[in-house]
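One structure below.
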Amino acid sequence: MEFVLGLESPFSLDYTLESGQVFRWENRGEWWYGVLPMGVIKVKQEADSIRCVSSSESMDGAFVRSYFRLDEQLEPILASIMKDSTMASAVQRFYGLRLIRQEFWECLASFLLATNANIPRIKKMVSSVCSTFGDPTEFEGLKYFRFPPPERLAEAQVAELRECGLGYRAPFLRRVAESVSSGAVDGGEIELKNYEQAHSALLKVFSGEKLLLGVGPKVADCVLLYSCGKDDAFPIDVWVARELADSYPRLVDPSVLKKLSREHGGKLTYREYADLSRAARGYFGPYSGYAQQYLYMYGRVRDQ
DNA sequence: TAGCAGGAAAATC
DNA sequence: GATTTTCCTGCT
């Protein structure tokens, strides 16, 4: 079905889809093509609206509005995070960038694969898992593969997953698929908790039991922010860590600051990550996740 | 708690 | 063409 959505609040389709939140969108000409759990959709930004063509009736205006969170007013959110000149520049540079509301399982699995990889590589791994295990679907005469359900990957051979180029991530993905498939990990339950509770629930670090192998604090924060509605989550990857060290040194512990300088390129320990995340969340407030997303994009263009 | 391996592709030199 | 980096986590 085809439809047009009017935009009442700032939105940049390009910045949003290029900001590393999602891995199943592809830019072809003036359209963005996305493979989502319900089917395939293409979207194009126009003057004061976005035009959409989707493969199923269930992907309608209400769905797209909810997916891109277009009912929420962006200005007050941005106003709340612009506490200094760095964030003001980042917001100005990527004005209209929004957080997307993703499906829990696909988000968790995708960011599990994201360790030690760059975005093109992550897209390749996800795409390979989909074409190997996902259900085919057709759109405009072309074949696409949906992201496989957790049950499907729970019964996959680790060797088959490895063939998708996942390397050491293969056994992790299978374990996580089992956990989600069995209901041991439930996105809906996590959504009801506050950030702190949700984060530790996802990590299952209590009693030293690691249910979700391959999911550390950073991946957990990505999942909470992108799929569980925790706008105050603040994932810290290498880019955000550098940007914090460069532009927000007072939020960073001196010893960690030294560690993060370009020469050392050190990695954060679990405790250092927790401390830095808490400091950033305290500073930026309830919409820290938006601050993180703008900072990520800003850090990447500044480095080039 | 610090150090290291893990795997492969992209970015950089 | 070789080296470094890449939206990190688990194990020792």
Side-chain angles (χ1 to χ4, degrees), chain A residues 15-25 90 94 97 99-100 102 106-129 158-159 161-176 179 199-200 202-205 208-227 233-245 253 255-256 258-277 280 288-304:
Chain A
Y15 292 152
T16 299
L17 294 177
E18 286 165 356
S19 68
Q21 306 176 61
V22 283
F23 305 108
R24 301 224 70 205
W25 283 89
F94 293 101
L97 166 62
L99 291 174
I100 292 176
Q102 301 180 42
E106 177 174 338
C107 183
L108 174 59
S110 300
F111 281 94
L112 176 86
L113 299 179
T115 65
N116 273 343
N118 50 30
I119 291 171
R121 168 116 202 257
I122 300 164
K123 285 185 173 175
K124 207 166 192 174
M125 287 188 282
V126 172
S127 163
S128 180
V129 167
V158 173
L161 289 167
R162 251 179 225 284
E163 280 171 34
C164 298
L166 310 190
Y168 67 93
R169 304 164 187 85
F172 292 164
L173 181 56
R174 215 194 94 127
R175 279 281 278 150
V176 170
S179 299
H199 196 258
S200 62
L202 205 45
L203 282 176
K204 297 276 186 188
V205 284
E209 179 199 10
K210 284 244 169 185
L211 200 66
L212 287 175
L213 289 171
V215 178
K218 192 272 179 180
V219 171
D221 274 329
C222 287
V223 174
L224 292 180
L225 181 60
Y226 302 138
S227 77
F234 192 89
I236 304 172
D237 66 0
V238 289
W239 295 96
V240 172
R242 272 179 215 161
E243 201 55 31
L244 287 174
D253 185 90
S255 64
V256 175
K258 207 170 173 183
K259 207 171 175 178
L260 290 176
S261 65
R262 313 263 162 171
E263 285 70 37
H264 297 76
K267 294 153 191 163
L268 298 173
T269 66
Y270 190 98
R271 163 156 285 163
E272 289 165 350
Y273 181 100
D275 289 346
L276 188 49
S277 180
S288 290
Y290 282 85
Q292 179 273 349
Q293 207 64 26
Y294 278 89
L295 217 51
Y296 172 75
M297 292 291 271
Y298 196 55
R300 296 198 62 140
V301 295
R302 262 206 341 165
D303 205 59
Q304 283 167 11

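Chain naming here is simple, since letters A, B, ... match the order of the sequence lines and numbering starts at 1 in each.
- Residues satisfying the side chain to side chain contact (heavy atoms under 4.5 Å, CB included) test with Ser277(A), not counting sequence neighbours, are Tyr195(A), Asp221(A), Phe234(A), Ile236(A), Tyr273(A), Arg281(A).
- Note on Arg169(A): every side-chain N or O is 4.0 Å or more away from OP1 and OP2 of dA5(B).
- No close placement of the Tyr294(A) and Phe94(A) rings is indicated, their centers lying 6.0 Å or farther apart.
- With sequence neighbours excluded, the residues satisfying side chain to side chain donor-acceptor pair (under 3.5 Å) with Arg174(A) are Glu178(A).
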DNA chain C base-pair string [pairs: Watson-Crick or G-U under 3.5 Å; |: paired with another strand]: ||||||.|||||
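- Listed by chain and residue number, Tyr168(A), Arg169(A) satisfy the side chain to side chain contact (heavy atoms under 4.5 Å, CB included) test with Asn116(A) (two or more places apart in sequence, or in another chain).
- Nucleic acid contact for Val240(A): none, since no nucleic acid atom lies under 4.0 Å from a heavy atom of the residue.
- Ala170(A) meets the side chain to side chain contact (heavy atoms under 4.5 Å, CB included) test with Val158(A), Leu161(A), Arg162(A), Leu166(A); sequence neighbours excluded.
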Set out, line by line, the N/O atom pairs under 3.5 Å between protein and nucleotides 10-12 of chain C.
residue, atom, partner, partner atom, Å
dG10(C), OP1, Gly214(A), N, 2.6
dG10(C), OP2, Lys210(A), NZ, 2.9

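- Residues forming a side chain to side chain contact (heavy atoms under 4.5 Å, CB included) with Ala220(A) (at least two apart in sequence, or on another chain): His199(A), Leu202(A), Leu203(A), Val215(A).
- In the region residues 108-124 of chain A, proximity to DNA chain C at under 4.0 angstrom, judged on heavy atoms, holds for Ala114(A), Thr115(A), Asn116(A), Ala117(A), Asn118(A), Ile119(A).
- Here the separation of dG10(C) from dA9(B), taken at their P atoms, is 23 Å to the nearest Å.
- With sequence neighbours left out, the ring pair (Phe, Tyr, Trp, His ring centres under 6.0 Å) criterion links Phe111(A) to Phe23(A), Tyr226(A).
- Residues satisfying the salt bridge (charged side-chain N to carboxylate O under 4.0 Å, His left out) test with Asp275(A), not counting sequence neighbours, are Arg278(A).
- Judged as a side chain to side chain donor-acceptor pair (under 3.5 Å), and not counting sequence neighbours, Asn118(A) has no contacts.
- Annotation: dA2(C) and dG7(B) have their P atoms spaced 23 Å apart (nearest Å).
- One can find a donor-acceptor pair under 3.5 Å joining the base of dC7(C) and the side-chain atoms of Lys218(A).
- Not counting sequence neighbours, Glu18(A) has no partner by the side chain to side chain donor-acceptor pair (under 3.5 Å) test.
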